[in-house]
Amino acid sequence: MKGRASLVGAGPGDPELLTLKAARLIAEADVVLYDKLVGAEVLALARPGARLVDVGKRCGRHSMQQEAINRLILTHARAGRHVVRLKGGDPFVFGRGGEELESLREAGVPVEVVPGITTALAVGAALQVPLTHRGVSRSLTMLTAHNHADALPEHDWAALARGGTLAVYMGVRTLPLLTARLLAAGMAAATPAAAVQNATLPHEQRLFGTLGDIAAQVTAGGGDGPTLVLIGEVVGMARRDALGDTALHEAA
Ligand SMILES: C[S@@+](CC[C@H](N)C(=O)[O-])C[C@H]1O[C@@H](n2cnc3c(N)ncnc32)[C@H](O)[C@@H]1O
């Protein structure tokens with residue numbers, strides 16, 4: 001039997017945010033290689049006897065190198081197995097899905113890609129913040145605040161500061177620097193901002209602030225769960241009554 005691979009987005013955490021297609025592929029797979037952020041309820045969809053392999057990637061911390069993961073997918077697929085490579089959010093948004101895709105294509109292994117709900121979309125929905133909104137924001141930029149050297153990557157700060165909604169991934173460590181760059185590029189300190197940790201999970205925690213103070217709030221809040229930061233005028237539309245302006249460590 002010829003093996004194959006599916007690069008599947010698992011969404012941000014809430015199992016109900018999985019697509020029907022993702023659920024079906026997980027249930028059919030012989031092998032599921034999953035990241036740290038994929039929860040037990042999602043993995044429970046795998047059939048009895050399927051091999052579940054934690055490849056341990058989370059937020060730039062890699063317990064298995066990307067090349068080793070690529071090789072593992074190939075090894076299983078070449079052995080005739082259906083491999084589901086299950087990734088948090090969407091495989092093609094800061095998910096290194098492209099590298100896995102290239103490796104599979106080069107090896108001639110049939111591969112399909114199944115999108116997942118990326119965190120920015122889930123956070124917008126959770127906070128009831130429309131990421132674009134007529135008269136308020138005409139664009140959504142998803143950016144990483146973390147590069148290979150564990151530092152803030154270069155961006156066109158002037159363009160980012162001009163408006164639109166910014167969704168910052170992997171930004172906890174470099175947030176003070178990132179917000180300083182935006183302020184220096186002319187973005188108003190009063191621009192609304194929010195940080196959501198463990199979005200869509202039962203222990204989700206939210207912080208609301210401004211461009212001027214969100215970094216300090218996140219630092220004070222502590223916690224090492226995955227966190228997405230939204231910056232832009234639309235964040236002023238957030239529904240706050242669920243948890244209120246609560247520091248990360250105080251939130252329910
Ligand atoms: C390596 S990136 C993976 C992004 C993922 N492919 C996606 O589409 O959402 C990891 C970053 O995604 C964000 N993230 C992923 N899951 C999250 C969650 N449940 N809550 C908040 N942020 C999350 C955080 O910014 C985290 O540092």
Side-chain angles (χ1 to χ4, degrees), residues 9 11-13 17 37 58-60 87-99 101 113 115-200 204 206-219 225-239:
L17 292 176
L37 294 178
R58 209 205 98 181
C59 309
K87 305 167 85 72
D90 181 88
F92 283 174
V93 179
F94 305 125
R96 302 192 71 175
E99 290 159 61
L101 181 74
V113 183
I117 294 180
T118 189
T119 311
L121 306 187
V123 165
L127 301 184
Q128 299 191 1
V129 167
L131 298 172
T132 63
H133 191 61
R134 185 187 282 252
V136 181
S137 171
R138 288 199 198 96
S139 65
L140 165 66
T141 304
M142 294 187 264
L143 63 144
T144 175
H146 177 273
N147 67 14
H148 294 312
D150 215 8
L152 181 67
E154 270 315 313
H155 290 288
D156 182 346
W157 302 108
L160 295 177
R162 246 179 260 135
T165 308
L166 307 181
V168 182
Y169 289 71
M170 294 171 274
V172 170
R173 268 175 281 175
T174 55
L175 200 56
L177 206 50
L178 178 133
T179 52
R181 290 291 184 89
L182 290 170
L183 290 166
M187 198 173 206
T191 307
V196 181
Q197 190 176 101
N198 295 309
T200 80
E204 175 182 291
R206 305 169 179 188
L207 263 178
F208 293 102
T210 63
L211 177 65
D213 69 14
I214 196 72
Q217 288 201 53
V218 168
T219 303
T227 301
L228 185 113
V229 180
L230 270 189
I231 303 167
E233 292 302 331
V234 286
V235 180
M237 298 171 71
R239 180 177 170 180

Applying side chain to side chain contact (heavy atoms under 4.5 Å, CB included) to R162 and not counting sequence neighbours gives A158, A159

Note: M170 and F94 closest approach over all heavy atoms is CE-CB, 3.6 Å

Judged by atom type as modelled, is there a donor-acceptor pair below 3.5 Å linking the side chain of D90 to the main-chain atoms of G116? yes

* Please tell me if the side chains of N198 and P226 come closer than 4.5 Å, counting only heavy atoms from C-beta onward. => yes

For P192, the side chain to side chain contact (heavy atoms under 4.5 Å, CB included) test, sequence neighbours excluded, returns E233, V235

Between A122 and T200 the two heavy atoms that sit nearest each other are CB-CG2, 3.7 Å

Shortest non-hydrogen pair, T132 vs R138, comes out as CG2-C, 4.4 Å

key: N/O donor-acceptor pair under 3.5 Å between T219 side chain and A215 backbone   = yes

(Q) When you measure from the side chain of Y169 to the backbone of H146, do you find a donor-acceptor pair of N or O atoms at a distance under 3.5 Å? (A) no

Exercise. Does the T165 side chain pair with the main chain of L131, one donor and one acceptor, at a distance under 3.5 Å?
Worked result: yes

Looking only at heavy atoms, the pair that brings E204 and A126 closest together is OE1-CB, 4.1 Å

Spell out, as yes or no, whether a donor-acceptor pair under 3.5 Å connects the side chain of T174 to the backbone of A145.
yes

Would you say that L178 contacts V229 through its side chain, given a criterion of any heavy-atom pair below 4.5 Å between the two side chains? no

By side chain to side chain contact (heavy atoms under 4.5 Å, CB included), V123 pairs with (sequence neighbours left out) T119, L127, V196, A199, L228, L230

Worksheet item: Are M187 and L166 close enough that some pair of their side-chain heavy atoms sits under 4.5 Å apart?
Response: yes

